[in-house]
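Working notes for the structure below.
Chain letters run A, B, ... following the sequence lines, proteins first, then strands; residues in each count from 1.
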Amino acid sequence: MPKRRDILAIVLIVLPWTLLITVWHQSAIAPLLAARKDDRHESRRDSRNTFTLKEPCTSENNKDIVEVVRTEYVYSRQPPWSDVLPTLHVVTPTYSRPVQKAELTRLANTFLHVPNLHWILVEDSQRQTPLVTRLLQETGLNYTHLNVETPRNYKLRGDTRDPRIPRGTMQRNLALRWLRETFSPNNSNSQPGIVYFADDDNTYSLDLFEEMRSTRKVSVWPVAFVGGLRYESPKVNTLGKVYGWKTVFDPNRPFAIDMAGFAVNLRLILFKPQAYFKLRGVKGGYQESSLLRELVTLSDLEPKAANCTKVLVWHTRTEKPVLVNEGKKGFTDSNVEI
Amino acid sequence: MATRMKLKLKTVFVLYFMVSLMGLIYALMQLGQRCDCAEHDMPKDRTISRLRGELHRLQEQMRKAEPTKPPQKLAVKPAQPTIYVITPTYTRFVQKAELTRLAQTFLHVPQLHWILVEDSPHKTPLVSGFLASSGLAYTHLHTPTPRDRKLQEGDPSWLKPRGAEQRNEGLRWLREDRRGQPGADTQLGVVYFADDDNTYSLQLFEEMRGTLRVSVWPVGLVGGMRYERPVVEGGKVIRFHTGWRPSRPFPLDMAGFAVSLKLVIANQDACFDGDAPMGFLESSFLQGLVTMDELEPKAENCTKVCVGWGWRLCG
């Protein structure tokens, strides 16, 4: 009988510890607790930083940095470059027309406010035009100037492009190819980047660029003045996952989203080298889906802009937006400011 | 003694067991707090929060370096003329987009004060909120256009001149504000009428800063032409190259001229005539201020078309 008691005692000792150890192993609680401690420590540090910038008794280092940045910013107009922030690779296809310079000037004025932005401007032309070359040099932005001409439709006389290829497709694909040739997937951790397709006639708020900087795979947000609505937006459930699309025009598309409504992590572009925008045979509104379905599934999408309730980008064009799909009652949430 | 020993041992074991059990429960509670078990990217979360901290630091730096932040208590530069930009605006779908673009341009221009005048009987929350977060030095005004002068649904945009009352309100505020601050320095400035649907290059603002009376330059994409411009000979404006009614006293676009603040204050009655026929709005204002040969041509004697752009987004 004492033997049994001993055995019982031993079991009672060993059992909880084995359970604990197995549970510990599975969930990796140790780094979790450590991370939370780190976050708390970091956030305290950050708040201390913001306080010290206002107080006069900062370290001399802080003061010097502020002074230097002031003069540099006034004369060179370039935003500060950080070695830590992921680079935003903004792909803009453009083509010659009267308002081209106005559009590109406005875009440049916007981009000059965004740190760590790399502008990939792709012209739809046989040769790089001097207008764009000069504009890019004058802005002082970090840029790459590419060009590829969409083949003209030889059947129709005149200057019309091939109507079967949606505008800007070849240019965006060239940018994707350039990114894949320039960055290797092995260095993806040392050169973090986000790819965004920004057309030259849209309006972008500065908050948008900071929202997309934390993209892990593909992030999405609402876009104003598309699909005949005040704005189109992804549908987000209470768990913060995208489960559908709040649009009137063909909401059953795999990705019923505008080109300006999503951003892709550079790593994903590099790891899926066969993903491109489909050139031909693409129905109206399916261009974005042709790329996104090769990269990601609906459940992988990350909603931004306060769970897709704020509008940070406007699909403005050189014409009045046509809001035919709003209907009498209004399809979109009228409380959302556009 | 043996039983007491056993008893002691028993309590020790029981205690030990209880402690272990409590430890297990504590660990399970920790598990319960972190819900996204699918996400094992802990180091990535840490990097993201570190990056966010870095971003905030950079944004703070940029805001500190922003030269247009009011009030300019530190005399960083000797009195540089302030550019007062008067912009009339009205509520429509693209209003916020237009104002956003405009603000992003103005943030690059040092010593700029934005006077935004709404065509409305009261200040709208959209514009108020927008201006507060814009980072610019601004004045928010409002004045409604009388109904008979207002464009109705379906009217083409060229039917009635727009923004006259709002620009006049801007001028009124400017004159009143300066009256309360006597001194030669406070009259140093340039007034520019910038509509919210145009594009402005940054060089334009530096060109106009040295305006003594009224300066002029070419404007792109107006008057049904690629550009309109003054024709300059011997450093003086002799006529205007425009496709539409060149016989007007001042056939130029609102975006094609700037007036020195001194002149605006010296001529207290100079304002825009809301009843002027289409295209004569600018003339109604400039006629009382200056003559053609007093105009100062900018943008390399008005040969550089690329400086100012007047361009309509909506119709």
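The OG atom of Ser133(B) lies 8.0 Å from the CG atom of Asp207(A); values are rounded to the nearest 0.5 Å. Summarising the geometry, atom CZ belonging to Arg101(B) is positioned 11.0 Å from atom CG belonging to Asn109(A); distances are rounded to the nearest 0.5 Å.
Using bins of under 30°, 30° to 60° and over 60° for the plane-to-plane angle, the ring pair His108(B)/His113(A) lands in the parallel bin.
Counting only heavy atoms from C-beta outward, the side chains of Lys101(A) and Thr199(B) never approach each other to under 4.5 Å. Using a 4.5 Å cut-off on side-chain heavy atoms (C-beta onward), Trp314(A) and Thr100(B) make contact.
The two residues Phe93(B) and Phe225(A) have their closest heavy-atom pair at O-CZ, 3.2 Å. Heavy-atom minimum distance, Gln104(B) versus Thr110(A): OE1-OG1, 2.6 Å. Here the closest non-hydrogen pair linking Asn198(B) and Arg106(A) is O-NH1, 3.7 Å.
Neither the backbone nor the side chain of Leu107(A) comes within less than 4.5 Å of any heavy atom of chain B.
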